[in-house]
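Each chain gets a letter, A, B and so on, in the order its sequence line appears, and its residues count up from 1.
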2 protein chains.
Amino acid sequence: MTITPTAKAGRAAPRKRARRATQRVTMTDVAAAAGVSASTVSLYFRRPEAVSPHLAEKVRAVIDELGYVPNLVAGSLAAAQSRTVAVILPSILNSFYAETYNTLQSLFQGSRYQTMLGVTEFSPEVEEDLIRAFLAWSPAAMVLTGFDHTERARAMLRGAGVPVVEMWDMPATPDEAVDLSVGFSHFEVGRRQTAHLYDQGSRKVAYIGAAVHQDLRVRSRTDGYEDEVRRRGLHPPIALTAPDAASTPVGTWLIDEVLAAHPDIDGVVCSNDYLALGAMFEARRRDLRIPEDLAVVGFGDLGFSRVSLPPLTTVRPPQREIGRLAAMQILARLGGARIPPSHFALECELVVRDSTRPTL
Amino acid sequence: MTITPTAKAGRAAPRKRARRATQRVTMTDVAAAAGVSASTVSLYFRRPEAVSPHLAEKVRAVIDELGYVPNLVAGSLAAAQSRTVAVILPSILNSFYAETYNTLQSLFQGSRYQTMLGVTEFSPEVEEDLIRAFLAWSPAAMVLTGFDHTERARAMLRGAGVPVVEMWDMPATPDEAVDLSVGFSHFEVGRRQTAHLYDQGSRKVAYIGAAVHQDLRVRSRTDGYEDEVRRRGLHPPIALTAPDAASTPVGTWLIDEVLAAHPDIDGVVCSNDYLALGAMFEARRRDLRIPEDLAVVGFGDLGFSRVSLPPLTTVRPPQREIGRLAAMQILARLGGARIPPSHFALECELVVRDSTRPTL
DNA sequence: CGGCGTCGTGGTAGCGCTAACAAAACATGG
DNA sequence: CCATGTTTTGTTAGCGCTACCACGACGCCG
C-alpha cells in the first residue's frame, strides 16, 4: 500500500491575500506620524510654499526622523510623467560628448531632474531600442545626438509628446529635426579647416577621417573639405577614411597610407584631434617637420592639443554651450513656456597653434 | 444693482471625476483586442514560454499592430522593483571608467536591464545625492566606484536590499565593502610601476599624480610608489601631486616642477597616461632623451600610448573585465543565486614599451 | 452681518501593471 | 470513466503616489 505523499491537511478557509511585504516607509506613514493627511505631505514635496509653515515644519521633522525617501516610481505613475530626462549619446569615449553630458547632468540636477544616459555606439538600431526603453519610463524630455534615426524612432519621438532636443548638428531642412535642435554646421567646420591650411601656405591638402560611415557629422566635415578643395582647384580631393573609431593608432595608420600614395602633400585635415596626434607622431617619426613639411589641423581641442609637440591647431566645438542651451530650452518648455520647434546655431572657434603656424 | 459675475449655473450633481486623459495604448487595450485577459498579456512579457503558442501569436500580432509599449513605471511599482541598474562613476572623461560602463551597459542590455548612469566628479556628497535619487527608482542593483562613501550613503546602500557592487578597488578589510566588489590593488600597481623603473636601471625615481585628494585610488598608487622607494633605499620619495583632474597639460606642468627641484631624476612614475604624455612632451622639449635621460611609466594604457613618441610603458587595468565580472555577479544574484558578499581580485598587466626600454 | 472668494487641508479615485490566487482546461493512470 | 495532477488562463487586490474635488475656516466687502 502506497502512502500518499505530503497529504496536505484540509486547506484552511481562503486566507486573506498575503499583503506584499514592503517595509519601506511610505508617505502614509509620514502623514500618520505628523498627524496630517497624505495629500498634505504630497503637497509639501511639490509646492512647499502652499503648506502652512506650522505643518510644513512638522512634516519636515517627521521626514528626517523616519528617513523617508519618496517613491518616485509611484509618483511618476500617478503623475503620468517622471522627473527624468533621457540622454542618448553615440559614445562616451569621445570626450566632447562626455563633456556635454556633464553639463546636462549638472544643469538638470539643479532643477531636480534625473538624467538617464544611453550609449548607441553609432548604431541607429541600438538607438531605436534605447528610445523605446527610455520612453517606457515616461521621461519628461529626450536629448539625442544628431538627426540620423530610424523611421520608427522618429515616429516614437514625435508621438512622445515631450520636448525633444537633437544636438551636435544642424538640420539640412527645418523638418529634418523632430523638435528642437542645438548644434553647428560640420560642413562649415570642414571647409574652414581646409581653408586655413591653404591660407597658411599649403598647396596640397589631404583629409583623414575615422568612423565616417557611422558618424554623419564626420561625413559632413569631409564634404566641407572636398568642397573647399574644389573651390581652390589646386588638386583633386584626397580623402582617406577608416571605419574604426577615432584613435591615435588609427591616425598613424591613415597618415601612413596617405603619405604612401601622395608623398607630396603638405597639409592634412583630421576629423579628430586623436587622429591628428597620431598623424603628428608618425610625421615626426619620418622626420617630417611640422608645419613646414606637413601642416596639421584637428577637431575637438582635446586636453593634449595645447601642449603637444608641436601644439595642435584645431577647431574647438562648443561642447558646454550645446549642453547648456539644450538644458535651458527643455527646462523652459517644462516650465510651461511655449517654444516652437526651432534650431539654435552655434559657432566653433578655430584655435591656431604651431602645427600650422610656420615659425619665422 | 451689481450683476453677479459668472453666475455659475446650479452646479450639476457631483459629476464623475474626470478620467485623466491618457491616450496611450495600455495592456488592457491589448488584452481586449486579442481577446484574452490582461494577465495573459503580462505573462507573455515576463515568461513567454508559459503562454500557449496559439495565444502568444495572437498577442504578438496585436502588440505590433497597436504599437504597444509597456509602461515600465507601472510595472515597477506593481513589482516593487524595476529592471534598472544604477551605475555611479566618478568621471566619464576618464576613458577607463567609460569603458567599464560600456561593458556594463551592453551586458545588462542583453538581459533586458536598463542602466542609469550618474557621475559624481569625485564628490562623496554628490554621490550621496545620486544614490538617494537612484534608490527612489527602486533599482534592481547598484554599481559604484570605490569604497569612499559618506556614512549615510553606506547606510542607504546596506538598507536597499539589492545587490551592490563596488568596483575598481580592493577593500582594505572585508567589511569595508558594502556587499560585492571587483577590482585590483592600486597599491600594488604603484609599487610595480616603481620597481620596474629601478629594474630597468633608474637610480632616482619621482612620482607625479593628479586628482590625488579626490581619487583614493591615485592615493593608493602613490603609497605604493613610496613604499617601493623606501624599500630600495636609494633616495627619499619625491612625489608631486596636483588637485586638478589628470590631463596632459597638468603632466607638463608637474614634470616641469619636479625637474626644477630635482634635475637629477632619471625616472618618473605617472598616475595616468595623460600625465605621462604631458611629461614626455615636456621632456622632449627640453631635449631629454627618453628613456636614457628620463624613463617614464604611466597607468591606463590609453589609445595613444601604443604609438606615442616613444611608445609608453604603462599598466593596463582590466577595465572590461571589471565590468564583465560586476555584471555577471549581479545577474547571477538577480537570477536567484545565493552569492555571499565577496571580493574579486583582478590583476593588471604591465605593458613594457620603449619609454622604459633602453635601445641597445 | 450675511454672502462670497480665497486659502489650507483632507478624502479618494485612479495611474497601468504584477502577483497571488482561483478556476478552467487538459493530461495521466488505474 | 473517474480521480488526480499539471498547465494554462482569468479575477482581483493592491503597489505608493498625485490630481481632482470637497469642505471648513477666514478675511473682506457692501
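- Protein atom CG of A:Asp29 is 13 Å distant from nucleotide atom C1' of D:dC17, rounded to whole Å.
- Each of A:Val41 and B:Leu43 lies near DNA chain D, and the nucleotide nearest B:Leu43 is the one positioned closer to the 5' end.
- A donor and an acceptor atom sit less than 3.5 Å apart, one in the side chain of B:Ser39 and one in the base of D:dT11.
- The phosphate of D:dT18 has OP1 or OP2 within less than 4.0 Å of a side-chain N or O from A:Ser42.
- Neither side chain, B:Trp137 nor B:Thr84, offers a donor N or O lying under 3.5 Å from an acceptor on the other.
- By the neighbour-count criterion of 12 heavy atoms within 6.0 Å, atom CZ of A:Arg152 is sparsely surrounded, having that number or fewer from other residues, nucleotides or ligands.
- Between B:Tyr68 and C:dC17 there is a side-chain N or O to OP1 or OP2 distance below 4.0 Å.
- B:Val36 comes within 4.0 angstrom of the backbone, heavy atoms only, and of no base.
- Listed pair B:Arg46 / C:dA19 meets the phosphate criterion, a side-chain N or O lying under 4.0 Å from OP1 or OP2.
- Nearest to the side-chain atoms of B:Ala78 among the listed nucleotides C:dG11, D:dG14, D:dC17 stands D:dG14.
- In the set D:dT8, C:dA19, D:dG16, the nucleotide with an atom closest to the side chain of B:Ser52 is D:dT8.
- Rounded to whole Å, atom C1' of C:dA25 lies 12 Å from atom CG of B:Leu55.
- Of the side-chain N and O atoms in A:Thr40, none sit less than 4.0 angstrom from OP1 or OP2 of C:dG8.
- More than 12 heavy atoms of other shown residues, nucleotides or ligands fall within 6.0 angstrom of atom CZ in A:Arg158.
- Rounded to whole Å, the distance from NE2 on B:His54 to P on C:dC26 is 11 Å.
- Between A:Glu57 atom CD and C:dT9 atom P the separation is 14 Å, expressed in whole Å.
- Two residues are said to be in side-chain contact when any heavy atoms from C-beta on lie closer than 4.5 Å; A:Glu121 and A:Val126 fail this criterion.
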